[in-house]
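This is a predicted model, so every value here is computed, not measured.
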Amino acid sequence: MAVFRFQSPRGATVAVRRDESLFSIRLGRVVRLDVVLPPGFDVAAAQPYPVLYLNDGQDLQRLRLPATLNYLYKRGAVHPFVLVAVHAADRLQEYGVAAQPDYLGRGSRAGHYTEFVLKELLPYVQAHYHASANPAEAVVAGMSLGGLTAFDLAWHHPEAFQRAGSFSGSFWWRSRGLNDGYTDADRLMHSLVSARAPRPGQQYWLQTGTDDETSDRNNNGIIDSIDDTLDLMATLAQQGLPTEAVRYVEVPGGHHHQDTWGAIMPDFLRWAFGVEGVDTRDYLQHHLGAHLLAGKRHLRRRPLGAARLGFRYLAKGRARAATFAAMPATATPARPAPGTYQPYAQGYLDLIPEGADPLALLRQQPAELHRDLARLTEAQAFMRYAPGKWTPKEVLLHIIDTERIFTYRALRFARGDAQSLPGFNENEYAATSEANDRPMSDLLMEYHAVRAATLALFSSFTPAQLDRVGLANGGATSVRALLFITAGHERHHLGILRERYWPVLPAADTAAQQLAAPLR
């Protein structure tokens with residue numbers, strides 16, 4: 001790891017940037033990032049910054065990470081590094097091990113997530129945040145399932161990450177249920193580690209809490225999370241990983257919870273990016289209120305505290321399978337009532353199937369639209385299916401413009417604004433948009449940014465706000481109707497592209513010749 005000389009200016013703090021510009025083809029969605037930049041960050045620095053990629057980045061504040069980093073930087077305890085907190089979406093499917101799902105089919109998209117990290121996230125962060133591409137300066141970490149995923153990434157891709165941190169890692173992830181003939185050989189990560197030798201330079205930081213859970217499937221008096229982690233460490237040693245390459249931290253009274261993970265975070269950050277000779281034990285003692293067992297014998301106890309954190313366990317005497325309490329299903333928004341939208345909108349509403357969730361459609365549409373438009377050559381993007389019709393570029397910018405206007409109306413109405421808003425002439429907008437002067441890639445980036453903002457806005461509305469009605473374009477429209485209309489409007493135009501444009505789209509070389517002809 002490169003050595004940075006760093007002194008934090010008095011009072012300097014980290015900067016947290018919300019980045020919603022990364023659209024993942026592999027995941028089919030915009031991936032939200034919270035990027036934490038060190039004090040004095042300089043995108044033109046002589047050397048790129050070391051970088052930490054953190055799964056479950058939506059927990060950044062619950063982990064108290066900005067405050068912890070401010071403390072460590074002011075003490076000069078860590079070298080400056082870029083922290084990329086990656087927000088999760090469907091974590092039960094996108095997290096896990098890339099090689100295979102678990103026995104219930106969970107982790108089915110973990111391979112896609114791995115591809116996203118390696119082929120989309122790393123190049124994006126390296127290009128935009130002056131982050132190092134050196135695997136010795138790249139660390140990946142996570143909590144629970146995110147910790148399992150972090151370990152899997154580093155173990156199988158040392159060309160990208162030489163180090164990983166796992167907080168209460170889900171190393172119980174298995175290929176067989178406890179009542180279906182399970183043995184410890186069915187644990188997926190242990191089997192994957194047993195399949196090959198470690199690579200030079202690999203290092204791991206592993207943490208458990210004695211109150212992570214209460215399940216003890218082998219009745220040895222040690223909770224499974226500790227057993228599974230210690231067994232993984234033994235497997236690593238059997239495969240030839242030096243014992244000094246693993247740091248194990250066991251937190252007495254530690255829970256499977258962000259409070260514990262945030263409290264032990266300074267130990268991990270010091271392990272990953274620490275400056276030698278700076279003592280931060282006082283900070284750990286203050287937050288944990290207990291002695292840390294680091295690399296020592298595990299505690300033999302049966303903690304009971306995890307039940308209040310959302311786990312439920314089968315009664316004693318029955319099979320000791322641990323399960324998660326079912327999450328309440330999210331209700332699909334009701335369709336807008338007649339009279340809460342204008343007649344022109346009926347066609348858009350009809351494109352939303354009965355029972356469909358318009359928010360889910362808004363999340364799914366970017367992948368569809370991107371697949372259709374990103375494949376076009378610049379020449380094809382100028383083609384019109386008939387004289388006077390819009391080009392695909394103009395269609396895309398029309399979708400963007402209209403979505404902005406619909407969401408602006410939704411915001412005004414949701415806030416109780418009684419002013420009547422004007423309409424707009426879509427043909428005049430298209431004629432003056434200059435869409436054809438912009439690269440398709442630029443238009444797509446703008447589209448994804450707008451869609452991310454749209455999702456954030458509509459997701460924030462309460463049922464009462466969705467039912468508020470305002471005036472626009474000479475008629476009444478509810479916020480709920482605008483949600484459905486936005487999704488239906490894009491579906492309408494994507495249908496036109498597929499029905500009228502793509503069947504007559506010339507081959508790439510023909511389109512280029514037609515485009516060049518007037519210039520001869």
Side-chain angles (χ1 to χ4, degrees), residues 1-24 30-55 57 60-61 65-87 116-141 153-154 157-165 201 265-266 268-278 438-439 441-446 448-450 452-453:
M1 175 173 160
V3 176
F4 289 79
R5 296 186 179 276
F6 175 78
Q7 278 191 322
S8 175
R10 181 179 296 274
T13 59
V14 298
V16 182
R17 292 187 184 176
R18 172 63 55 84
D19 187 330
E20 296 179 321
S21 299
L22 175 59
F23 178 81
S24 169
V30 173
V31 179
R32 178 179 296 177
L33 309 175
D34 284 335
V35 183
V36 185
L37 303 175
F41 174 79
D42 182 2
V43 73
Q47 298 183 58
Y49 289 82
V51 58
L52 168 61
Y53 297 91
L54 183 68
N55 293 325
L60 186 75
Q61 298 298 333
L65 257 168
T68 296
L69 286 169
N70 283 335
Y71 169 85
L72 294 173
Y73 280 130
K74 289 173 183 177
R75 291 287 297 267
V78 292
H79 298 291
F81 66 95
V82 172
L83 165 60
V84 180
V86 185
H87 287 229
F116 154 71
V117 170
L118 298 175
K119 297 182 180 179
E120 297 176 329
L121 178 65
L122 267 65
Y124 179 86
V125 171
Q126 290 160 13
H128 289 79
Y129 296 101
H130 200 33
S132 177
N134 182 350
E137 297 182 340
V139 185
V140 60
L153 275 163
H157 297 282
E159 76 283 1
F161 310 101
Q162 283 196 357
R163 291 174 293 159
M265 187 66 69
F268 166 69
L269 296 175
R270 294 275 286 114
W271 172 84
F273 305 103
V275 174
E276 293 295 327
V278 180
R438 297 171 60 185
S441 59
D442 184 45
L443 292 168
L444 284 168
M445 182 175 294
E446 181 180 350
H448 290 303
V450 170

Inset, instruction - Could you check whether the rings of Phe161 and Tyr53 sit parallel, tilted or perpendicular, using 30° and 60° as the cut-offs? - result: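 Aromatic pair Phe161/Tyr53 classed perpendicular.
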
Could you state the interatomic distance from [atom1] ([X]) to [atom2] ([Y]), rounded to the nearest 0.5 Å?
X: Met445; Y: Ser21; atom1: CE; atom2: OG; result: 6.5 Å
X: His130; Y: Leu37; atom1: NE2; atom2: CG; result: 12.0 Å
X: Tyr71; Y: Met265; atom1: OH; atom2: CE; result: 16.0 Å

Quick check: closest heavy atoms across [X] and [Y], and the distance to 0.1 Å?
X: Tyr129; Y: Val82; answer: O-CG2, 3.9 Å
X: Arg163; Y: Ala272; answer: NH1-O, 2.6 Å
X: Asn70; Y: Thr13; answer: OD1-CA, 3.2 Å
X: Pro158; Y: Pro135; answer: O-CB, 3.3 Å
X: Phe268; Y: Val139; answer: CZ-CG1, 4.0 Å
X: Val14; Y: Pro38; answer: CG1-CA, 4.5 Å

May I ask you to test the [X]-[Y] pair for a side-chain heavy-atom distance under 4.5 Å?
X: His87; Y: Leu33; value: no
X: Val31; Y: Val86; value: yes
X: Pro80; Y: Tyr73; value: yes
X: Pro50; Y: His79; value: no
X: Leu72; Y: Leu269; value: yes
X: Leu22; Y: Val125; value: no

For [X], side chain to side chain donor-acceptor pair (under 3.5 Å) partners two or more places apart:
X: Glu120; result: Ser24, Arg26
X: Glu159; result: His157
X: Glu446; result: Arg404, Arg438

Inset, instruction - Kindly indicate, with the supporting measurements, whether the criterion side chain to side chain contact (heavy atoms under 4.5 Å, CB included) is fulfilled by Phe81 and Val51. - result: CA-CA 5 Å; Phe81 66 95; Val51 58; over 6 Å; no

Inset, instruction - Determine which pairs satisfy salt bridge (charged side-chain N to carboxylate O under 4.0 Å, His left out) with at least one residue from residues 34-44, sequence neighbours left out, and list them in order. - result: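 The answer is Arg18-Asp34.
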
Inset, instruction - Apply ring pair (Phe, Tyr, Trp, His ring centres under 6.0 Å) to Phe41 and list each qualifying residue two or more places apart in sequence or on a separate chain. - result: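 Ring pair (Phe, Tyr, Trp, His ring centres under 6.0 Å) check on Phe41 returns Tyr49.
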
Inset, instruction - Under the ring pair (Phe, Tyr, Trp, His ring centres under 6.0 Å) rule, collect the residues that match up with His128, sequence neighbours excluded. - result: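 Tyr124.
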
Legend entry - From CA spacing to verdict: side chain to side chain contact (heavy atoms under 4.5 Å, CB included), Leu65, Val36: CA-CA 9 Å; Leu65 257 168; Val36 185; over 6 Å; no

Inset, instruction - Output, in order, the C-alpha distance, side-chain angles, deciding distance and verdict of side chain to side chain contact (heavy atoms under 4.5 Å, CB included) for Val35 and Leu83. - result: CA-CA 6 Å; Val35 183; Leu83 165 60; over 6 Å; no

